[in-house]
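To keep things clear, I will list the structure first and then write my remarks on it.
Along the sequence shown, residues carry numbers from 1. Note that the structure is predicted; figures quoted are calculated from it, not measured.
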Amino acid sequence: MGGTGVAEPWTEHGLGPFGPAVHKSYSRTQHATDGSAFLKVYVGIDPDGRRRREVATIERAALREISVPPVLASGVGEGGSWTVFRTMTGTPCSIGTREAVERYIGHVVAVSGRLHRPAAGVTPGSGWGARRVDLCSSHQFLLDQLSSRCHRLPWWSVLSAALQTIDAHPVVHLHGDLKAEHLLVDGNRLHVVDWEASARGPAVLDYTDVVFHLIRDLLYEDVPPGRIPVDLVTRLPFSGPVLAWRLLLWLDRRRPQDIRLVTVHDVCRLAADKQDISAYQLLAHTMVRLRAAGVPR
């Protein structure tokens with residue numbers, strides 16, 4: 001990120017220098033050469049909204065006694081929206097073995113006790129700070145995250161009807177992306193990082209996201225569907241309609257043609273399944289087919 005001759009905005013705060021960038025789908029990160037901090041530049045979908053959401057949510061999560069990376073500085077510059085965080089020590093959770101998956105799910109359950117505390121007057125929406133415009137139902141909040149092209153696809157009405165069941169669930173504060181790499185274990189302490197996808201909605205959204213990433217990531221690491229330990233995630237609340245929605249959200253954010261690879265039959269089967277293990281097995285076999293069709297991870 002340098003070479004322009006223009007001072008980067010974080011240097012005004014005495015932060016940096018930072019090393020080489022690591023590029024992800026929606027951000028690029030750089031670690032300080034002394035290891036004390038890391039820089040995150042938001043790219044892709046609503047970069048400045050995600051920046052502001054992450055900074056605000058981290059402040060609120062700390063009040064719930066969740067260990068989070070302190071924000072050292074944040075802003076918008078010529079290079080885009082950015083935040084510098086203090087580095088948190090610890091080892092990311094792993095899903096490489098059955099025992100590692102079991103530990104990871106245990107950490108999810110532990111942090112959820114603080115994360116998903118009931119809160120009066122919380123409405124569905126992005127981030128933890130409700131706005132006057134956030135008056136939609138939980139199922140509408142999920143549907144609104146899918147692109148407009150989905151409205152014209154054959155499964156849209158099926159998904160819309162199935163998701164209405166979650167409107168009866170209590171609305172809580174969500175992390176939005178509790179995958180293994182975002183939980184850092186430091187001895188007896190657990191640090192939770194990467195809060196840009198934070199939201200308000202039923203707790204099952206966080207749990208479904210955990211299961212979805214576990215199954216997808218193992219499959220894309222060439223683990224056969226029959227060896228994915230779906231029995232270990234039965235500790236987490238389950239919703240077939242939310243599982244179907246999460247699959248579609250993933251496809252909607254991949255190549256334009258990928259969303260058309262899922263049929264009405266696929267959505268109906270996932271949304272209607274009342275048994276968590278059979279639904280997770282069905283998801284795994286569906287994703288094997290999608291991967292074979294070239295859908296990127």
query: Using 4.0 Å as the upper bound for N to carboxylate O, is an ion pair formed by Arg235 and Asp276?
result: no
Heavy atoms of Leu174 and Pro202 approach each other most closely as CD2-O, 3.5 Å
NZ/NE/NH1/NH2 to OD/OE distance under 4.0 Å, Arg53 and Asp48: no
Handout entry: Derivation of the side-chain contact (heavy atoms from CB on, under 4.5 Å) call for Cys150 and Leu248
Key = CA-CA 9 Å; Cys150 295; Leu248 294 165; over 6 Å; no
With Ile58 as partner, the option from Val71, Val193, Val192 fulfilling side-chain contact (heavy atoms from CB on, under 4.5 Å) is Val71
In short, Thr87 meets Gly35 closest at the heavy-atom pair OG1-O, 3.2 Å
- Query: Judged by atom type as modelled, is there a donor-acceptor pair below 3.5 Å linking the side chain of Arg114 to the main-chain atoms of Glu65?
  - Reply: yes
What one should report as the nearest heavy-atom pair of Ser94 and Gly96 is OG-N, 2.9 Å
>> One pair to check against side chain to side chain donor-acceptor pair (under 3.5 Å): Ser36 and Arg86. What are the steps and the verdict?
In response: CA-CA 6 Å; Ser36 64; Arg86 180 174 298 147; over 6 Å; no
Nearest heavy-atom approach of Thr208 to Leu243 is CG2-CA, 3.7 Å
Item checked: Charged N-O contact under 4.0 Å between Arg149 and Asp252 -> yes
For this session: Kindly say whether Gly19 contributes a backbone atom to a donor-acceptor pair with the side chain of Gln30 at under 3.5 angstrom?
Result: yes
Checklist entry - So do Val122 and His173 actually touch side chain to side chain, heavy atoms under 4.5 Å? => result yes
One should read off an interatomic distance between Ser239 OG and His169 NE2, to the nearest 0.5 angstrom, of 6.0 Å
Note to self: Under 4.5 Å between side-chain heavy atoms, counting indirect links through other Ile/Leu/Val/Met/Phe/Trp/Tyr residues: same cluster for Tyr26 and Val295 or not?
What the structure shows: no
query = Heavy-atom distance under 4.5 Å between the side chains of Ile66 and Trp195, does that happen here?
reply = yes
_How about CZ on Arg269, more than 12 heavy atoms from neighbouring residues, nucleotides or ligands closer than 6.0 Å, or not?_
no
query = Hey, are the side chains of Lys40 and Asp194 touching, using non-hydrogen atoms and a 4.5 Å cut-off?
reply = yes
Check: Is Leu183 linked to Met88 within one hydrophobic cluster, defined over Ile, Leu, Val, Met, Phe, Trp and Tyr using a side-chain heavy-atom separation of less than 4.5 Å?
Finding: no
Trp250 and Trp245: CA distance, side-chain angles, deciding distance, ring-ring contact (aromatic ring centres under 6.0 Å, His included) verdict: CA-CA 9 Å; Trp250 172 63; Trp245 168 82; over 10 Å; no
### Query
Within a strict 4.5 Å, meaning less than it, do heavy atoms of the Leu261 and Leu251 side chains meet?
no
Output for pair (Glu8 CD, His13 NE2), nearest 0.5 Å, gives 12.5 Å
**Asked** Heavy atoms, side chains only, cut-off 4.5 Å: are Phe238 and Val204 in contact?
**Response** no
Worksheet item: Can Leu143 and Trp156 be said to form a side-chain contact (heavy atoms from CB on, under 4.5 Å), step by step?
Response: CA-CA 9 Å; Leu143 291 174; Trp156 178 262; 3.8 Å; yes
Next on the checklist: Tell me if the CZ atom of Arg117 is crowded by more than 12 foreign heavy atoms within 6.0 Å.
Outcome noted: yes
Distance col, row Gln281:CD vs Asp231:CG, nearest 0.5 angstrom, shows 9.5 Å
inquiry  = Assess the residue pair Glu54 and Ser198 against the criterion (side-chain contact (heavy atoms from CB on, under 4.5 Å)); give the C-alpha distance rounded to whole Å, side-chain angles, the decisive distance to 0.1 Å, and a yes or no.
reply    = CA-CA 7 Å; Glu54 182 161 31; Ser198 62; over 6 Å; no
Problem set entry | Donor-acceptor pair, side chain of Ser138 and main chain of Gly201, under 3.5 angstrom | no
| Between Thr89 and Asp186, a side-chain donor and acceptor under 3.5 Å | yes
Enclosure of Arg289 CZ (heavy-atom neighbours >12, cutoff 6.0 Å):
yes
**Audit row: Trp128, Arg64, side-chain contact (heavy atoms from CB on, under 4.5 Å) steps and yes/no** = CA-CA 12 Å; Trp128 283 17; Arg64 292 190 169 212; 4.2 Å; yes
Check: Taking the side chain as C-beta and beyond, is there a heavy-atom pair between His139 and Thr165 under 4.5 Å?
Finding: no
query = Is a side-chain donor or acceptor of Arg200 paired with a backbone partner of Gly127 at a separation under 3.5 angstrom?
reply = yes
Mind running side chain to side chain donor-acceptor pair (under 3.5 Å) on Asp266 and Thr263 for me, showing each step along the way?
CA-CA 5 Å; Asp266 293 328; Thr263 66; 3.1 Å; yes
Practice prompt. State plainly whether one hydrophobic cluster holds both Leu184 and Val84, where clusters connect Ile, Leu, Val, Met, Phe, Trp and Tyr through side-chain heavy atoms under 4.5 angstrom apart.
Written response: no
Say whether, by atom type as modelled, one donor and one acceptor occur between the side chain of Arg291 and the main chain of Leu219 under 3.5 angstrom.
yes
Heavy-atom closest pair (Pro124 atom, Phe141 atom, distance to 0.1 Å) is CB-CB, 4.0 Å
Handout entry: Salt bridge present between Arg227 and Glu221 (N-O < 4.0 angstrom)
Key = no
To the nearest 0.5 Å, atom OH of Tyr280 lies from atom CG of Asp273 at 10.0 Å
**Asked** Are the side chain of Ser112 and the backbone N or O of Leu115 linked by a donor-acceptor pair below 3.5 Å?
**Response** no
Neighbour count above 12 (heavy atom, 6.0 Å) for Arg255 CZ: yes
* Asked: For Arg297, does the CZ atom have more than 12 heavy-atom neighbours from other residues, nucleotides or ligands under 6.0 Å away?
  -> yes
Derivation of the salt bridge (charged side-chain N to carboxylate O under 4.0 Å, His left out) call for Arg246 and Asp209 | CA-CA 7 Å; Arg246 189 62 185 82; Asp209 200 58; 2.6 Å; yes
| message | Ring centres under 6.0 Å, that's the criterion: do Tyr207 and His116 meet it? | response | yes
> Quick one: do Val264 and Leu290 end up in the same hydrophobic cluster if we chain Ile, Leu, Val, Met, Phe, Trp and Tyr together by side-chain heavy atoms under 4.5 Å apart?
Replying inline: yes
Nearest heavy-atom contact between Leu190 and Val111 is CD2-CB, 4.1 Å
* Does Gln164 CD have over 12 foreign heavy atoms under 6.0 Å away? -> yes
Q: Report yes or no: do Phe38 and Trp10 belong to one cluster of Ile/Leu/Val/Met/Phe/Trp/Tyr joined by side chain heavy-atom distances under 4.5 Å?
A: no
So CE of Met287 and CG of Asp217: to nearest 0.5 Å the spacing works out to 8.0 Å
Item checked: Between His175 and Asp206, a side-chain donor and acceptor under 3.5 Å -> no
Any side-chain donor near an acceptor of the partner, Tyr42 and Thr83, under 3.5 Å:
yes
Treating Ser278 as the side-chain partner and Gln275 as the backbone partner, does any N or O pair qualify as donor plus acceptor under 3.5 Å?
yes
In the structure I gave you, are the side-chain heavy atoms of Val43 and His23 within less than 4.5 Å of one another anywhere? no
Rounded to the nearest 0.5 angstrom, the SG-NE2 distance for Cys93 and His107 is 4.5 Å
Looking at side-chain heavy atoms only, is the closest gap between Leu232 and Arg98 below 4.5 Å? yes
